[in-house]
Asks: 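Please find one structure pasted underneath; my questions will follow.
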Amino acid sequence: MAKQNWRPGNQLYPLPVVMVSCGSLEGEHNIITIAWTGTICSDPAMISVSIRKERHSYEMIKQSGEFVVNLTTEELVRATDWCGVKSGKDVDKFKEMNLTPIASSIVKAPAIKESPINIECKVKQIIPLGSHDMFIAEVVNVQAEDKYLDPDTGAFDLQLAKPICYSHGHYYSVGKELGKFGFSVKKNDKKNK
């Protein structure tokens, strides 16, 4: 088996793809689609999003210090893509994609009602990196849609939500479960055999 050397690049795929809402519910608001995002700390819960300075949402987030990460689904794939290629300078993305801005519990930025999970964030630090600046933010609240919760455990049902991911310019649905954290060391797990 041979391997090729490629120029340095981001080959970490697939990635989560999210719609980040920003601004205020009462005033100017916008949605930006982001695949450069991730969990960076569990206690306190923190998330990062990386945004190019020339994007319309960049200044809105920088000035307000707040945003909401809205998870995406198969049902939202068209809106997810559209919000990533159109500029909020020119169009109202909520209106054009029939998305509903709703009040967040703690931040002023609106959440997207149609998203199964809304993660409210407050910016703690902005790190200039080159093509993008990384916004490091603390998660201050999470809203979860009831219809995606297991009635017995209250746990979020990922398969029911039908999340999507992004890889090299394409959107994909998430596949079947292959195991549960720690399954490889459990003695009685059928998937371990």
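Just so you know, these numbers use all the heavy atoms, side chains as well, and skip hydrogens, waters and symmetry mates.
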Asks: Would you say the side chain of Arg55 lies within less than 4.5 Å of the side chain of His132, judging by non-hydrogen atoms?
Replies: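 No, side chains not in contact.
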Asks: Is there a chain of hydrophobic side chains (I, L, V, M, F, W, Y, each step under 4.5 Å between heavy atoms) that links Phe135 to Val69?
Replies: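 Yes.
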Asks: Restricting to non-hydrogen atoms, name the atom on Lys93 and the atom on Gly88 that form the minimum distance, rounded to 0.1 Å.
Replies: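 Nearest pair, atom of Lys93 first, then Gly88: CE-N, 3.5 Å.
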Asks: So, taking the atom named CD1 in Ile61 and the one named CD in Glu66, what distance separates them when rounded to the nearest 0.5 Å?
Replies: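 That separation rounds to 10.5 Å.
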Asks: Check whether any side-chain heavy atom of Val18 lies under 4.5 Å from a side-chain heavy atom of Leu71, and answer yes or no.
Replies: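 A side-chain contact under 4.5 Å exists here.
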Asks: Which residues end up grouped with Ile102 if you chain together Ile, Leu, Val, Met, Phe, Trp and Tyr wherever their side-chain heavy atoms are less than 4.5 Å apart?
Replies: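 So far as hydrophobic clustering goes, Ile102 is joined with none.
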Asks: Report all side-chain donor-acceptor pairs from residues 150-174 shorter than 3.5 Å, counting only partners two or more places apart or in another chain.
Replies:
from: Asp150; atom 1: OD1; to: Asp152; atom 2: N; distance (Å): 2.7
from: Asp150; atom 1: OD1; to: Thr153; atom 2: N; distance (Å): 3.0
from: Thr153; atom 1: OG1; to: Ala155; atom 2: N; distance (Å): 3.1
from: Asp157; atom 1: OD1; to: Gln159; atom 2: N; distance (Å): 3.2
from: Asp157; atom 1: OD1; to: Leu160; atom 2: N; distance (Å): 3.1
from: Gln159; atom 1: NE2; to: Gly175; atom 2: O; distance (Å): 3.3
from: Tyr166; atom 1: OH; to: Gly169; atom 2: N; distance (Å): 3.4
from: His168; atom 1: NE2; to: Gln11; atom 2: OE1; distance (Å): 3.4
from: Tyr171; atom 1: OH; to: Asp81; atom 2: OD1; distance (Å): 2.8

Asks: What's the verdict on side-chain contact (heavy atoms from CB on, under 4.5 Å) for Val107 and Phe67, showing C-alpha distance, side-chain angles and the deciding distance?
Replies: CA-CA 7 Å; Val107 301; Phe67 59 90; over 6 Å; no
Asks: So among Ser57, Ser87, Ser21, which one has a side-chain contact (heavy atoms from CB on, under 4.5 Å) with Asn30?
Replies: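 Going through Ser57, Ser87, Ser21 one by one, the side-chain contact (heavy atoms from CB on, under 4.5 Å) with Asn30 is satisfied by Ser57 alone.
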Asks: Going through the distances and angles, do Met97 and Ile31 end up as a side-chain contact (heavy atoms from CB on, under 4.5 Å)?
Replies: CA-CA 11 Å; Met97 286 291 97; Ile31 302 168; over 6 Å; no
Asks: Is it the case that one hydrophobic cluster holds both Leu149 and Ile117, taking links as side-chain heavy atoms less than 4.5 Å apart, direct or via other members?
Replies: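 Yes, it is one cluster - the side chains of Leu149 and Ile117 are joined through contacts under 4.5 Å.
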Asks: Testing the basics here: between Ser104 and Ala109, what is the closest heavy-atom pair and its distance to 0.1 Å?
Replies: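 For Ser104 versus Ala109, the nearest heavy atoms are OG-O, 2.6 Å.
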Asks: Would Met46 end up clustered with Met134 when hydrophobic side chains under 4.5 Å apart are linked, directly or stepwise?
Replies: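 Shared cluster, yes.
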Asks: Hydrophobic cluster membership, with links at side-chain heavy-atom distances under 4.5 Å among I/L/V/M/F/W/Y: are Ile51 and Val139 in one?
Replies: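 Result: yes, single cluster for both.
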Asks: Hey, could you give me the NZ/NZ distance between Lys186 and Lys180, rounded to the nearest 0.5 Å?
Replies: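 Going from the NZ atom of Lys186 to the NZ atom of Lys180 covers 5.5 Å.
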Asks: Between OH of Tyr58 and SG of Cys22, what distance do you get to the nearest 0.5 Å?
Replies: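 Going from OH on Tyr58 over to SG on Cys22, the span is 13.0 Å.
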Asks: Which ring-ring contact (aromatic ring centres under 6.0 Å, His included) pairs, counting each pair once, include a residue from residues 68-102, with sequence neighbours left out?
Replies: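 Listed by first then second residue: His29-Phe94.
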Asks: To the nearest 0.5 angstrom, please state how far the NZ atom of Lys95 sits from the OG1 atom of Thr100.
Replies: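 Rounded to the nearest 0.5 Å, the NZ-OG1 separation comes out at 14.0 Å.
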Asks: Go through the steps to decide whether Leu99 and Leu76 satisfy the test side-chain contact (heavy atoms from CB on, under 4.5 Å), and finish with yes or no.
Replies: CA-CA 9 Å; Leu99 297 172; Leu76 293 171; 3.9 Å; yes
Asks: Please tabulate, for side-chain N and O atoms in residues 32-43, each donor-acceptor pair with protein atoms closer than 3.5 Å (sequence neighbours left out).
Replies:
from: Thr33; atom 1: OG1; to: Thr80; atom 2: O; distance (Å): 2.5
from: Thr33; atom 1: OG1; to: Gly84; atom 2: N; distance (Å): 3.2
from: Thr37; atom 1: OG1; to: Ser48; atom 2: O; distance (Å): 2.9

Asks: Quick one: pull up OG in Ser50 and CD1 in Ile136 and give me the separation to the nearest 0.5 Å.
Replies: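 The OG atom of Ser50 sits 9.0 Å away from the CD1 atom of Ile136.
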Asks: Which residue pairs satisfy the side-chain hydrogen bond (donor to acceptor under 3.5 Å, both in side chains) criterion with at least one member in residues 117-126, sequence neighbours excluded?
Replies: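 Listed by first then second residue: Asn70-Asn118, Glu120-Asn141, Glu120-Gln143.
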Asks: Give me the other members of the hydrophobic cluster that Met60 sits in, counting Ile, Leu, Val, Met, Phe, Trp and Tyr linked by side-chain heavy atoms under 4.5 Å, directly or via other members.
Replies: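 Result for Met60 is none, singleton.
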Asks: Take a 6.0 Å sphere around CD of Glu59 and say whether it holds more than 12 heavy atoms from other residues, nucleotides or ligands.
Replies: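 Above 12, so yes.
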Asks: To the nearest 0.5 Å, what is the distance between CD (Glu75) and CD (Glu114)?
Replies: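 Answer for the CD-CD pair, Glu75 versus Glu114, is 8.5 Å.
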Asks: If Ile, Leu, Val, Met, Phe, Trp and Tyr residues are connected whenever their side-chain heavy atoms lie under 4.5 Å apart, and connections chain through other members, are Val123 and Val20 in the same group?
Replies: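 Cluster IDs for Val123 and Val20 match.
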